[in-house]
Each structure stands twice: as C-alpha cells, then as structure tokens.
Q: 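Here you go, one structure.
These numbers come from a predicted model, not from an experiment.
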Amino acid sequence: MPASLTRERSSSFSSLSLPKEESITHMKDTIRGGQRDDIPASNYPSANDLVTPSLQTSNPIESATQSPARKLRVAVVGSGLAGLTVAHILSSLHSDDGQGDQGIDVELFEKAHKLGMDAASLSVTCPCQKCAEAAGRDNGDPNHEHVEGRMDVPMRSFFPEYYPNLVRLYRSIGVKFHDADNTLACFDVTFDSNTSTTDSTPSSRLTKDVNIEAPYLSSRSYKVSSDHTITLPDLPPLSILNPYPFGRRLLGYYRIARDYVKMLTVSKEFMTQGRMMEIGKDPTEWGNGRQASLREFLVSGGYSHDFSAFFVPLFACVCTCSFERMMEYPACVVLEYVARCMPFGRMQFVSSGVREVTENLSKNIGTIHYNTMVEKIIEAGGPSSSTSGPIILIDSYGVRREFDHVIFATQANQAAAMLAGQRASKPLPKPFVTSRDKDDDDSNYGRKEEHDLTDPETPNNVTVENISRHHPFYRQIKTLSKFPYERTQVVCHTDTSFLPKDPASWRLLNIAKSTNADILASPLDKVTAKLEQQQQQSTGFSIKPSVTNESELKNRRKGGHDSGISSPDIYSGSLTPVSTASQSHNSAMATHIMNNTASSLGTTTKFLQTTNPIFQPKPDTVISSAWFERAVVNPESMRAVDELNQQMDDQSTRLLSASEEESTTTTTTPAAVVADRVWFVGSYAYPGIPLLEGCVVSAVQVMERIIAAEPTRHLATSISASKESFLKRDEPMRERRMRRKDELEHDPIDDNSASAVYFKTAWKDTLEDERIWEEQEKARQDAQRGRLASSGDGHFMSAVGSWTSNVYVEVAWMLLLYIAAIVQWWSVFMIESAGFDGSRWALA
C-alpha cells in the first residue's frame with residue numbers, strides 16, 4: 001500500500017480514479033444520512049477519512065451489484081497483526097482454483113486513525129540543537145548527537161523457536177529482523193514506609209517515594225559458537241576481606257542452575273514425547289480436564305525460591321500479567337515455551353519497526369476504514385434487503401454495510417461486546433504522546449491526565465446472564481466472555497531512575513518488583529482438597545504440595561534471604577478474583593533500553609520503555625503513554641480456546657452442507673446460519689501463551705475454514721503469485737496440516753480438542769515445517785545465485801531439537817556448550833575481581 005494510504009488518508013482519496021462522480025456524492029450522502037444525535041458533527045470523518053480504496057477497487061457501496069458473479073465480501077474488524085494477516089491472505093486468494101480474478105473483497109475496519117499494530121508507536125524527537133532549531137524549539141542540546149527512528153509500542157520482541165509462522169510471514173513480506181542479546185537484571189524496589197503498598201488508586205501511583213536496590217540477579221551473554229550464545233548470571237567481585245556476599249550469591253546461583261537444568265530436562269522430555277499436557281496432571285482427567293497450575297508445579301516440584309524469584313518475574317513480563325495471573329497459568333503452557341526457547345533462543349526485533357510490517361501487509365487490502373468503530377452486526381432483513389451478503393455491519397456513524405463473512409480480529413471481550421450490541425463501560429484512553437508525526441491531529445491522542453486516572457481494573461462489559469439464549473450470537477458471546485484480560489500501561493520515557501543505580505548493571509531488559517510482592521500468590525484455581533490428597537502420579541509429578549501448611553510455605557519463601565536472592569517477607573494468600581498488572585505492587589515491571597536494539601537512537605540519551613510501571617516516571621521525562629488489555633491464560637480460557645475452535649470448525653461444516661444443499665435443491669440457506677458466518681482471530685484464539693504467533697496461526701486457520709465453507713468459489717492462491725509469497729510458501733505446510741487432520745479423523749486420539757492436538761503434535765509439525773522451509777530456501781538460492789544456501793539463512797529452530805528428538809542427547813550437547821560458556825564466564829569474573837573491565841569478553 002502506498003504510504004499515503006496509511007499515513008495521509010485525506011489526500012489519498014482524491015487522487016484515485018473512481019467510476020463516476022456520482023459515486024462520491026452517493027457515498028457522502030450515505031455517511032451523513034447515518035449521523036447520530038449523540039456524536040458531534042465535527043467528529044464525523046469525511047468520505048476520504050472513512051474509506052481508503054485501493055487503485056483497483058471501485059466504490060464499495062456499488063461494487064456488490066455490478067456483476068452477477070460478485071466476489072465474496074469479507075469484513076475484518078481490527079487491524080492488529082491478526083487482522084492485517086487475515087485480510088492480507090484473504091485478499092491474496094483468487095477464484096477458479098487460483099486461475100481467475102481476485103476472489104474476495106476485503107474491507108478492514110480500524111477505530112484508530114492508523115493501523116492498530118502501529119497505532120501506539122511513535123517517532124523520536126531528536127534533542128540535538130540543529131533539529132530543535134529546525135522545529136522552532138529553544139531547548140536543543142548542543143552536545144547531543146543526532147538521533148532518529150521510531151519506538152515500537154509495545155515492544156514486540158520474539159523468539160523464532162516459538163514463532164515459526166510469524167518468522168515465515170515476516171520473511172515472505174520482506175521484513176528483516178535482527179537478534180539481541182538476552183541480558184537482564186532483576187532488582188527490588190522499596191517504597192517509603194509511609195506509603196501504602198496495597199493502595200493502587202490513581203492518586204497514590206504518582207506520589208511514591210521509591211528506592212531502587214542493587215540487582216539480586218543480572219546476566220550477560222557469551223558467544224560459544226557461530227550460532228549460539230549462552231546467558232549466564234554475573235557474580236559480584238570476590239573480596240578476601242568480606243567473602244560472605246560472594247558466597248551467598250554463589251549459593252543462590254547454584255540453586256537456580258540446578259532447578260533450571262531440572263526444568264529444561266522435564267519440559268523438553270515431555271514436549272518431544274507429545275505429553276506436555278500430562279505434566280502434573282490428574283490421570284483420571286484428560287483434554288479439557290483440570291491442568292496443574294504453574295504455582296502447583298513449582299511448589300510440588302520442589303523448586304527453590306531463588307529460582308522462582310528469577311523465573312516468575314521473567315515470565316510475568318513475557319505474559320504481561322500480575323503474579324496472581326501468572327501463577328494461574330497452566331504449567332504445560334509455560335513449560336512448552338521453556339522447551340522451545342531455552343537455553344539457546346535469541347530474542348529478535350524487526351529492524352525497521354512494525355510500521356514496515358503494517359505497510360507491507362496492507363498493500364493488497366482493497367478498502368480500509370479508519371476512525372470507524374463497529375457498533376453491532378445483525379442479520380440481513382430478508383428479500384427486501386440488498387443481496388450482497390447475509391450480515392449487516394453497523395458502524396459508529398450509523399452506516400450499514402453487508403458482507404458474506406465478518407472476522408473479528410479484536411480482543412475477545414471487545415468482540416463479545418460488539419456481538420451483544422454494547423459499548424465498553426470504561427474504555428481505555430487514546431495514546432498520549434509528546435512527539436507526533438507530521439500532520440497528526442490532536443483529536444487522535446489522549447491527555448496525560450487521562451492516563452494517570454485510568455482505572456487499571458478490566459471491566460466486565462458483557463454479562464452472559466443478561467443475554468437471551470435466543471440471541472443469534474449467544475454461543476459465541478458465552479465462549480468469548482470466558483477469556484480473562486488484564487490492563488497494562490506502557491510508558492516511553494528517559495527517566496534512568498527506573499534502572500539500577502550503577503550504570504554498569506544496566507541490561508537490555510531490567511525487571512523490577514516490589515520487595516513486598518508475593519511471587520507465589522495463590523491463583524484462582526487453588527488446589528482442591530481432593531487433589532491435595534492424591535499420591536504420586538504416573539507422570540512422575542505429584543499435585544500434592546510438598547509444603548503442607550502455611551507456616552512452612554512462608555519459611556520456604558523467606559529462604560531466599562539466606563542465599564542472597566531477594567524474596568518477599570510476607571505471604572498474602574491473595575484470592576482476588578480480578579487482578580491488574582499495571583500499577584500493581586504484585587507484578588513485575590520491565591524496562592527495556594531501546595538504544596540497545598535501535599542504534600539510530602544513539603547513546604547520549606537512554607530511551608526507555610517501561611511495561612507495568614509500579615511507580616511513575618518524572619513528568620518531564622515522559623515521551624508517551626499507552627494502555628492495553630492483555631489476554632491471560634487459565635484452565636477456563638484453555639477450555640474456551642477448545643470451544644471456540646470447535647465452534648468454528650462446526651460453522652465451516654454447516655456452511656459446506658448448506659452450500660451443497662443449495663446446489664442440489666431450490667431451498668435457500670436457513671437464516672440461522674448468520675452466526676456461522678462470524679469468525680474470530682487473535683492471540684487468545686490459539687493454544688499457548690497469547691503472543692504474535694497465535695495471531696498468524698489463527699488467521700491462517702480462519703482462511704482455511706472460509707475456503708472450505710465456500711466450495712463453489714474455488715478459492716486458491718493465484719497461480720501467478722510470487723513464489724516468495726506467504727501462501728505459496730505455506731502450500732506444503734497446508735498439505736501437512738490437511739494430512740494431520742485426516743489422520744486424526746481416521747485414527748482419533750483420546751482427546752481431539754485444539755489444545756490436546758496442539759501440545760501433542762505442534763513440536764513435530766514445527767520440525768517438519770522447518771525442514772520444508774529450508775528445502776525452499778535451498779531451491780530459491782540455487783535458482784538465484786547458483787549456489788547452496790548458507791546454513792543459517794533458512795534455519796530458525798534451535799540446534800538442540802532440530803537434529804534429534806532424544807532429550808538426553810540434547811541435554812548432553814547443551815552441557816558441552818555451557819562448559820564453553822562457563823570458561824569465558826569465569827575468566828570475566830577473575831578479570832573484574834582484579835579491578836579491570838571484563839565486559840569486552842561478554843555481550844552485555
């Protein structure tokens with residue numbers, strides 16, 4: 001898509017060629033005719049703000065009736081990665097098995113003024129004197145180097161081992177990415193004794209007296225081969241006069257290393273055997289039965305508090321949630337991430353930022369509606385209505401449009417509200433920024449005061465009990481309302497008080513928690529009395545906690561003090577059913593030094609991005625603030641994933657049956673199938689941690705369901721499409737998925753739910769997909785340059801696991817590489833203990 005279509009919508013419309021002048025007038029009249037009394041006229045966009053048609057697309061209101069053999073019309077609500085991906089791949093489908101014209105007209109709806117995946121990102125204002133004078137500012141710094149670039153908000157890093165489909169998508173659209181060293185520092189934050197540590201009211205968040213303690217754990221990376229780096233913890237310098245701090249820290253690191261190896265061995269063994277869901281599980285239940293929580297796994301597995309003080313805050317940052325919600329995660333979900341990404345995974349970042357992702361994905365999308373919220377969708381009114389589709393979509397301006405299918409690429413709670421025809425009771429404010437793109441309007445952004453006073457609790461906008469069972473979308477609303485969310489704030493700033501006091505301890509990722517935080521907070525699915533009485537299970541793990549009373553558990557949690565690893569002094573035993581991560585003392589605060597991954601930001605000023613701030617940065621250092629809602633996982637949401645996927649599979653089957661009935665009889669499709677034409681994509685709609693990988697996979701799955709539901713359209717990838725396109729590259733993988741589906745139908749497993757199938761087959765399927773990808777890369781480079789592909793060009797899997805499925809061989813290889821890293825690590829320690837700088841031998 002040309003840049004003007006995504007950045008300067010008002011100028012793009014007039015430059016396009018439309019079929020006739022009346023089309024523009026008709027469209028404007030239609031928009032104005034839908035005006036509502038409760039929306040000021042000044043807030044109504046003009047026609048060019050509402051619609052951004054591509055050069056090949058006629059007026060959307062008229063196009064549906066211009067040809068008897070019209071295209072399939074699909075609406076996509078939301079333009080995050082899931083919405084952009086499903087709109088992109090659907091727009092790539094052609095009729096007549098790929099030999100005909102474009103088979104689907106896609107219209108994308110976005111409530112913001114730009115595409116959602118990039119809506120909160122911002123361009124950095126250069127502080128140098130030359131740029132300040134050019135912009136008419138008098139605060140330029142003559143000693144500051146010139147900086148430029150953008151800051152992705154939120155930070156979107158990924159491990160290729162956990163994101164194979166995202167990697168393939170990025171490569172297919174020409175998006176380059178680079179790796180970063182997995183260095184981190186973990187430290188505690190203490191608050192003034194006069195400040196309440198439980199008050200999370202808006203006013204209290206701004207008046208905290210805080211003290212940043214020295215890191216209780218920090219790490220640096222060591223290169224052990226051309227493809228591998230090992231991250232190892234830093235040791236404090238050894239002092240002969242006072243060896244106690246060194247010995248105490250060394251003991252804590254020993255416990256962490258011991259438990260880390262134990263967790264790696266367990267997670268990799270169960271993953272490679274396809275038994276991940278069996279970890280700590282009651283053998284009498286299966287599939288949608290109860291899964292052991294992460295807290296139960298850590299406690300019953302005997303993992304030390306030293307290890308938990310490192311592991312839990314780290315994954316609370318990965319999942320962007322509070323400790324209560326983190327402890328509620330099913331253990332199999334977290335351990336699958338561990339098995340895939342550790343110990344050799346390297347964090348990756350898109351080199352030019354996610355704006356390039358949004359631009360490349362949106363190039364082929366026919367129509368994009370900006371500043372447009374979807375109010376509700378209803379069933380078409382029968383024969384008297386337009387014949388363009390059975391679903392009517394009504395936006396916030398009262399405009400009605402008809403479609404054959406509607407895909408919700410929003411959060412589950414937002415989709416449920418739109419299906420129920422309700423609005424959010426406590427909507428999040430628009431992003432606040434101090435540095436705006438050229439020609440950006442003030443109405444597109446919020447005020448700092450709104451962000452400071454935002455209620456961090458996620459409201460429950462839809463109550464299933466209040467929805468009639470006869471509502472056409474009752475089943476979908478009921479399922480969608482089972483997905484829990486937590487609100488989180490992301491602040492970009494330059495306040496280095498969010499980092500350890502010693503700059504030598506600054507790392508790429510700096511994780512802080514309150515000294516009073518309870519990292520093992522009781523989750524909502526506490527161990528039941530029946531499960532507490534169970535004995536050792538067949539899997540080798542017991543659900544029964546090894547600590548049988550609260551006093552013993554409290555003593556265990558305090559045990560970290562003796563080893564030098566910070567731990568809480570209190571045990572809250574929180575049973576709060578709704579917790580919030582942002583602004584909560586019982587959550588981890590992650591501060592990312594953006595300069596470490598974007599060299600264009602220079603080195604003079606440290607540009608920081610803090611997620612879940614447990615205190616606020618100095619007002620004059622704030623660059624931007626944005627609020628988000630993040631899906632979290634618990635046993636109920638796992639069941640909801642299975643329900644949602646089963647519902648969509650059933651929808652596809654019913655639509656296929658209705659299509660076959662129409663082709664053989666004169667009866668029409670029953671009106672009840674309107675609910676079968678609504679689909680859902682997003683990170684929450686896929687098993688595992690709700691991350692970008694789920695966005696891509698769920699989008700591909702919905703595309704396949706729509707193709708199956710519309711057999712008369714003969715939709716397929718265009719035969720003239722580039723071999724580098726995502727769908728062309730994905731064809732062998734799709735054949736593998738179809739083969740897997742047939743195998744499960746002919747030889748079903750004990751449980752064929754989406755979660756059970758995923759955890760049983762996903763790793764093997766990923767290895768097979770990687771083999772296919774590397775063969776494609778070899779063939780492509782042979783054709784282009786006449787030589788073999790280099791060993792690293794097509795490879796994105798960890799070396800451990802790509803060449804063997806024997807977990808013991810993998811662990812042996814892992815230990816050999818760790819020995820090589822430990823030699824470097826010990827050398828750096830001796831150099832620094834002697835008072836010299838050893839950082840040149842480590843990738844800090």
Q: Can you check whether Ala412's main-chain N or O pairs, donor with acceptor, with Tyr485's side chain at less than 3.5 Å?
A: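 Yes, Tyr485 side chain to Ala412 backbone: donor-acceptor pair under 3.5 Å.
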Q: Can you name the closest pair of heavy atoms from Ser698 and Gly694 and give their distance?
A: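 The answer is OG-O, 2.7 Å.
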Q: State, with a plain yes or no, whether a side-chain heavy atom of Ile392 is found less than 4.5 Å away from one of Ile394.
A: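 Of all side-chain heavy-atom pairs linking Ile394 with Ile392, at least one is under 4.5 Å.
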Q: Counting only heavy atoms not in Met733, do more than 12 fall under 6.0 Å of its CE?
A: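 Yes - once you tally the heavy atoms of other residues, nucleotides and ligands closer than 6.0 Å, there are more than 12.
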Q: Please check: side-chain N/O of Arg73 versus main-chain N/O of Glu402, any donor-acceptor pairing under 3.5 Å?
A: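 The answer is yes, because a donor-acceptor pair under 3.5 Å joins these two groups.
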Q: For a side chain to side chain contact (heavy atoms under 4.5 Å, CB included) check, start with the C-alpha distance between Tyr170 and Leu692, then their side-chain angles and the critical distance, and finish with the verdict.
A: CA-CA 12 Å; Tyr170 281 176; Leu692 296 179; 4.2 Å; yes
Q: Can you confirm whether Gln651 sits close enough to His405 that some side-chain heavy atom of one is under 4.5 Å from a side-chain heavy atom of the other?
A: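 A side-chain contact under 4.5 Å is absent here.
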Q: So, do Gln647 and Gln476 sit near enough that their side-chain heavy atoms are less than 4.5 Å apart?
A: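 The answer is yes, as the side chains (C-beta and beyond) meet within the 4.5 Å cut-off.
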Q: Decide yes or no on side chain to side chain contact (heavy atoms under 4.5 Å, CB included) for Val674 and Ile378, but give the supporting numbers first.
A: CA-CA 8 Å; Val674 63; Ile378 60 176; over 6 Å; no
Q: Is it the case that Gln411 and Asn413 place a side-chain donor and acceptor less than 3.5 Å from each other?
A: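 Yes - a donor-acceptor pair under 3.5 Å links their side chains.
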Q: Can you see which heavy atom on Arg401 is nearest to which on Phe109, and at what distance?
A: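 That closest heavy-atom pairing would be NH1-CE2, 3.7 Å.
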Q: For the pair Ser652 (side chain) and Arg705 (backbone), establish whether a donor and an acceptor sit closer than 3.5 Å, ignoring hydrogens and angles.
A: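 Answer holds: yes.
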Q: Got a sec: does the NZ of Lys482 have more than 12 other heavy atoms crowding it under 6.0 Å?
A: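 Check passes, neighbour count above 12.
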Q: In Å, rounded to the nearest 0.5 Å, how long is the span from CG of Leu72 to CG of Leu90?
A: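 Leu72 CG to Leu90 CG: 8.5 Å, rounded to 0.5 Å.
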Q: Is any side-chain heavy atom of Val350 closer than 4.5 Å to one of Arg156?
A: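 Arg156 vs Val350: side chains apart.
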Q: Can you tell me if Thr85 uses its side chain to pair, donor with acceptor, with the backbone of Ala82 under 3.5 Å?
A: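 The answer is no, because no donor-acceptor pair under 3.5 Å joins these two groups.
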Q: Looking at CD1 of Ile365 and CG of Asp105, how far apart are the two atoms once the value is rounded to the nearest 0.5 Å?
A: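 Here the rounded value is 12.5 Å.
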Q: Using every non-hydrogen atom in the two residues, find where Thr410 and Ala415 come nearest and quote the distance to one decimal.
A: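 Scanning both residues completely, I find the closest heavy atoms to be OG1-N, 3.4 Å.
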Q: What's the separation between atom CG in Asp96 and atom CZ in Arg713, rounded to the nearest 0.5 Å?
A: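 The CZ atom of Arg713 is 11.5 Å from CG of Asp96, to the nearest 0.5 Å.
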Q: Count the heavy atoms belonging to other residues, nucleotides or ligands that lie under 6.0 Å from CZ of Arg475, then report whether that count exceeds 12.
A: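 Open: at most 12 neighbouring heavy atoms sit under 6.0 Å from CZ of Arg475.
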Q: Between the side chain of Asp152 and the main-chain N/O of Met155, is any donor-acceptor distance below 3.5 Å?
A: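 Absent.
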Q: Identify whether the distance between the nearest side-chain nitrogen and carboxylate oxygen of Lys71 and Asp101 falls below 4.0 Å.
A: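 Answer for the salt bridge query: no.
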Q: Verify, without hydrogens or angle tests, whether Ser657 (side chain) and Thr653 (backbone) share a donor-acceptor contact under 3.5 angstrom.
A: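 Indeed, once roles are kept as given, a pair shorter than 3.5 Å links the two residues.
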Q: How long is the straight-line distance from CG of Asp649 back to NZ of Lys741, given to the nearest 0.5 Å?
A: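 Going from the NZ atom of Lys741 to the CG atom of Asp649 covers 5.5 Å.
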Q: Are the side chain of His714 and the backbone of Ser95 linked by a donor-acceptor contact shorter than 3.5 Å?
A: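 Flag not set: sc His714 to bb Ser95 has no pair under 3.5 Å.
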Q: Whether the His369 and Glu107 side chains hold a donor-acceptor pair (N or O, under 3.5 Å, no angle test) is what I'd like checked.
A: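 There is such a pair (donor and acceptor under 3.5 Å, judged by atom type) between the side chains of His369 and Glu107.
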Q: With heavy-atom distances below 4.5 Å as the criterion, would you say the side chains of Gln701 and Asn645 are in contact?
A: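 Heavy-atom side-chain distance check passes, below 4.5 Å.
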Q: Could you measure the distance from the CD1 atom of Ile477 to the OG atom of Ser468? Nearest 0.5 Å is fine.
A: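 Here the interatomic distance stands at 10.0 Å.
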Q: Quick one about Arg630 and Thr320 (side-chain donor to acceptor, distance below 3.5 Å, no hydrogens or angles considered), yes or no?
A: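 Yes, side-chain donor-acceptor contact under 3.5 Å.
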Q: Between Tyr686 and Tyr758, how do the two ring planes meet: parallel, tilted or perpendicular, split at 30° and 60°?
A: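 The arrangement is perpendicular - the two ring planes meet at more than 60°.
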Q: Compare all side-chain heavy atoms of Pro484 with those of Ser637 and state whether any distance is below 4.5 angstrom.
A: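 Yes, close enough: below the 4.5 Å cut-off.
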Q: Nearest 0.5 Å, please: how far is CD in Glu710 from CZ in Arg677?
A: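 If we round to the nearest 0.5 Å, Arg677:CZ and Glu710:CD are 5.5 Å apart.
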Q: Apply side chain to side chain contact (heavy atoms under 4.5 Å, CB included) to residues Leu81 and Leu361 and explain how you reach the verdict.
A: CA-CA 9 Å; Leu81 180 62; Leu361 284 175; 3.9 Å; yes
Q: Do you know which two heavy atoms are closest between Leu655 and Ala709, and how far apart they sit?
A: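 Of all heavy-atom pairs spanning Leu655 and Ala709, the closest is CB-CB, 3.7 Å.
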Q: Under 3.5 Å, is there a donor-acceptor pair linking the side chains of Asp642 and Ser755?
A: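 Yes - a donor-acceptor pair under 3.5 Å links their side chains.
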Q: Would you check if the side chain of Glu693 reaches a backbone N or O of Asn165 as a donor-acceptor pair within less than 3.5 Å?
A: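 Yes: the side chain of Glu693 pairs with the backbone of Asn165.
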Q: Is it the case that the side chain of Ser79 and the backbone of Gly116 share a donor-acceptor pair, with hydrogens and angles ignored and the cut-off at 3.5 Å?
A: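 Checking the backbone N and O of Gly116 against the side chain of Ser79, a donor-acceptor pair under 3.5 Å is found.
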Q: In this structure, are over 12 heavy atoms from other groups packed under 6.0 Å from Lys376 atom NZ?
A: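 Count not over threshold, so no.
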Q: Are Leu419 and Ile377 packed together at the side-chain level, in the sense that at least one heavy-atom pair is separated by less than 4.5 angstrom?
A: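 Yes; the side chains approach each other to less than 4.5 Å.
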Q: For Tyr474 and Ile467, work out which heavy atoms get closest and say how close.
A: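 Smallest heavy-atom distance, with atoms named: CE1-O, 3.7 Å.
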Q: Are Gln489 and Ser625 close enough that a side-chain donor and a side-chain acceptor fall under 3.5 Å?
A: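 There is such a pair (donor and acceptor under 3.5 Å, judged by atom type) between the side chains of Gln489 and Ser625.
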Q: If you define the side chain from C-beta out and look only at heavy atoms, does anything of Ile707 sit under 4.5 Å from Arg734?
A: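 Yes, their side chains come closer than 4.5 Å.
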Q: The test is side chain to side chain contact (heavy atoms under 4.5 Å, CB included); show your working for Ile173 and His88 and say whether it passes.
A: CA-CA 10 Å; Ile173 60 176; His88 173 77; 4.2 Å; yes
Q: If you take all heavy atoms of Pro687 and Ala754, which pair is closest and at what distance?
A: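 Residues Pro687 and Ala754, closest heavy atoms: CG-O, 3.8 Å.
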